[in-house]
Amino acid sequence: MHIKTLAAALVAGAVFGFVPATGTKAETLRILNGAAASTLRVPMNRAVVVETDTPFAELSIANPGIADISTLSDRSIYVLGKTPGRTTLTILGPEGNLQSNVEVQVTPDIAEFRERLRQILPNEQIEVRTANDGIVLSGTVSTAARLDAAMQLAQRYAPDRISNLMSVGGTQQVMLKVRFAEMQRGVGKSLGSSIAIEGGSVGAAGTGRFADSGGAGGNLVPFVNNRSGAVMGFRIGGGRLTANVLIEALESQGMARTLAEPNLTALSGQSASFLAGGEYPIPVPSEAGISIEYRPFGVELQFTPRVLDDNVINLSLEAAVSSLDGTNTVSIGGTTVNAFRRRATQTTVELRDGESFAIAGLLEDDFRASASSVPWISELPILGALFRSASYQRSQTELVIIISAHLVTPTRGEALMLPTDRVRPPTERELFLSGRLAAPGSGALGEVARQDFGGSYGYAFD
C-alpha cells in the first residue's frame with residue numbers, strides 16, 4: 001500500500017527534512033508492513049503541517065514529551081517539536097486499518113543557532129549540522145578562544161549533545177624563552193685576640209683560643225696551624241712569669257653565578273616542562289625497609305600557553321631554581337641527607353608576540369655580626385682590645401627571571417644549526433702533530449670556535 005504525504009512549510013518559517021507544500025510536489029512515503037520508509041524532521045519549538053491524500057480516522061504519538069500532534073482536518077496533521085529525540089506517529093484509517101507509521105525526529109533549532117553564530121563570530125567559517133538529537137560543528141576557526149565561544153553558544157541549544165569537529169588555524173605554537181640569572185656574593189671578616197699568662201707553679205690562665213685549648217705556651221703553635229687567615233703570636237717575659245699574645249685577622253670573599261636560558265615550544269593549550277640539573281636520592285622508610293626516592297633539583301620550568309584573540313598569549317608559568325644545601329642535613333636510617341635550597345615562582349601573565357616580562361626579582365641580604373669579650377678587662381683603654389674578638393658575615397643573593405614569548409611556525413631542518421656544528425673532529429695530523437683536540441668548523445660558527453677564551457674574560461662586580 002502506498003500513501004502520498006506532503007511535508008509542508010514550518011509554521012515558524014524554517015524547513016527541515018520536508019519541502020514546503022506551496023508550489024511544490026508532494027513527497028511519497030512508502031509503507032511496508034506498517035512502517036514508514038522515511039523520517040519527518042521537526043525543529044524544536046517549531047511545527048510542521050503534514051497532509052495525506054486519503055482521510056484518516058485516528059492519530060497516535062508514541063512519546064508526547066518529544067512531539068505533540070493535533071488535527072487540522074481529516075487529511076492535515078499539525079506536528080509540534082518539543083524536545084530533541086525520536087518518536088513514532090501512527091496514522092489509522094476509517095476502518096481501523098494502519099495507514100502509516102511515521103518516524104518523527106525532533107532536532108535542535110539550528111536556524112536560529114546559525115543566525116546567532118553569524119552575529120557573534122561573523123568572520124569564522126563554521127558549518128552547523130544536526131545528527132540524531134545533537135549538533136555537529138565543523139570548519140576552521142582562527143583562535144582557540146573563538147572555538148570555545150562557539151561551543152558555549154551551542155550548549156544553549158543542545159546541552160551535552162554537541163560534536164566538535166572544528167580545528168584551529170593560524171599560528172598556535174608558542175616558543176618561550178626564559179632567562180634565570182642568579183648572583184650569590186658573600187663577605188666575611190673577623191678580628192680577634194687571645195692572651196695567656198703562665199706563672200710557673202702557680203698555673204696558667206688564658207682568654208680566647210688559649211682558654212679553649214686548656215693551657216698556654218706550648219699549645220700556641222699547633223692551634224696556629226689549624227686556622228686560616230693572618231695569625232701573629234708572640235711571647236713576653238721569661239723565667240717564672242710569661243705572657244703569650246695571639247692576634248688573628250681573617251677576611252673571606254666568595255661569589256657564585258648561575259645562568260640558564262631554556263627555550264621551549266608548546267602547542268596552544270598544551271603543557272611543556274624543562275629541567276636542567278639532576279635528581280637527588282633520598283632514603284625513605286617503607287614496609288620493606290628503606291626505599292629510595294629521587295627528588296629533582298636545578299632549574300625547573302613548566303608552562304601552559306593559550307593563544308587568545310589578536311595573538312595575545314595567556315601564559316601560566318611555574319619556575320624554580322633549587323640546589324643542595326649542605327648546611328642543613330637530616331639522618332635517615334644512618335644516612336645523611338642534605339636539605340634543598342629552593343626559590344620558586346608561579347604566575348599567569350598575558351603578553352604579545354616578542355614581548356618580555358620580569359616575573360620575579362629576589363634580593364636577599366643576610367648580615368650577621370658577633371662579638372665576644374672578657375668582662376671588665378675588655379673595657380680598659382688600649383689594653384682592653386686584647387680581650388675582645390669581633391666578626392661579621394654578609395651574604396647577598398639576587399635572582400631575576402625574565403620570560404619572552406614568541407609565536408612560531410616550523411621551518412626546514414637545514415635552517416637550524418647545532419652546537420656541534422662549530423667544531424669538527426680533528427684529523428690524525430691535527431691530533432698528533434699539532435695537538436688539536438678539536439678543529440674549527442666552517443662558516444660563521446667556525447669563526448666563533450677559533451676565538452681564544454683562555455685569557456682573562458667575564459664580568460666584574462663592585
Side-chain angles (χ1 to χ4, degrees), residues 5-30 35-50 61-63 65-69 77-89 100-170 172 267-269 307 309:
T5 62
L6 174 64
L10 293 175
V11 173
V15 177
F16 292 88
F18 285 75
V19 297
T22 304
T24 60
K25 184 179 180 180
E27 294 188 359
T28 300
L29 292 180
R30 184 177 298 275
S38 183
T39 301
L40 174 64
R41 292 180 175 86
V42 183
M44 188 176 61
N45 298 326
R46 294 178 183 263
V48 171
V49 176
V50 179
I61 190 75
N63 190 347
I66 295 179
D68 194 8
I69 59 173
I77 307 171
Y78 183 87
V79 182
L80 173 65
K82 298 173 63 176
T83 304
R86 289 176 179 267
T87 186
T88 303
L89 170 62
S100 176
N101 274 332
V102 180
E103 183 179 358
V104 179
Q105 179 181 357
V106 179
T107 60
D109 187 4
I110 63 174
E112 181 183 357
F113 175 57
R114 283 195 183 105
E115 182 180 355
R116 296 293 179 265
L117 203 58
R118 285 194 298 267
Q119 293 174 353
I120 297 175
L121 304 172
N123 299 323
E124 303 299 332
Q125 303 298 323
I126 302 177
E127 298 181 3
V128 182
R129 298 181 179 88
T130 59
N132 197 358
D133 59 345
I135 295 178
V136 179
L137 301 180
S138 60
T140 303
V141 293
S142 57
T143 64
R146 298 188 178 184
L147 185 147
D148 292 339
M151 292 293 295
Q152 292 178 10
L153 182 60
Q155 285 286 346
R156 307 290 296 178
Y157 291 88
D160 301 326
R161 298 189 305 276
I162 304 170
S163 298
N164 179 21
L165 303 181
M166 296 181 292
S167 60
V168 180
Q172 294 296 312
L267 193 64
S268 176
V307 181
D309 291 342

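- Looking only at side-chain heavy atoms (C-beta outward), M44 and Y157 stay at 4.5 Å or farther from each other.
- Here the side chains of V104 and I66 are not in contact, with every heavy-atom distance at 4.5 Å or above.
- At least one donor-acceptor pair closer than 3.5 Å links the side chain of R114 to the backbone N or O of V128.
- Contact annotation: the side chain of L137 never approaches that of L147 to less than 4.5 Å [non-hydrogen atoms, C-beta and beyond].
- Taking 4.5 Å as the limit, every side-chain heavy atom of T87 sits out of range of all side-chain heavy atoms of Q105.
- Distance check: R129 CZ to I110 CD1 gives 9.5 Å after rounding to the nearest 0.5 Å.
- In this structure, Q155 and I162 approach most closely via the heavy-atom pair N-CD1, 3.3 Å.
- Rounded to the nearest 0.5 angstrom, T88 OG1 and I61 CD1 are separated by 7.5 Å.
- Once rounded to the nearest 0.5 Å, the distance linking CD1 of I120 with CD of E115 reads 10.5 Å.
- In this structure, R116 places its CZ atom where more than 12 heavy-atom neighbours from other residues, nucleotides or ligands lie under 6.0 Å away.
- To the nearest 0.5 Å, atom CD of residue E103 and atom CZ of residue R41 are 8.5 Å apart.
- Scanning both residues, A67 and V106, for their nearest heavy atoms gives CB-CG2, 4.2 Å.
- Although no hydrogens or angles enter the test, the distance criterion places a donor-acceptor pair under 3.5 Å between the side chain of T83 and the main chain of G65.
- M166 and V141 get closest at one heavy-atom pair: SD-CG1, 4.2 Å.
- In this structure, CD1 in I126 is found 4.5 Å from CG in L117, a value given to the nearest 0.5 Å.
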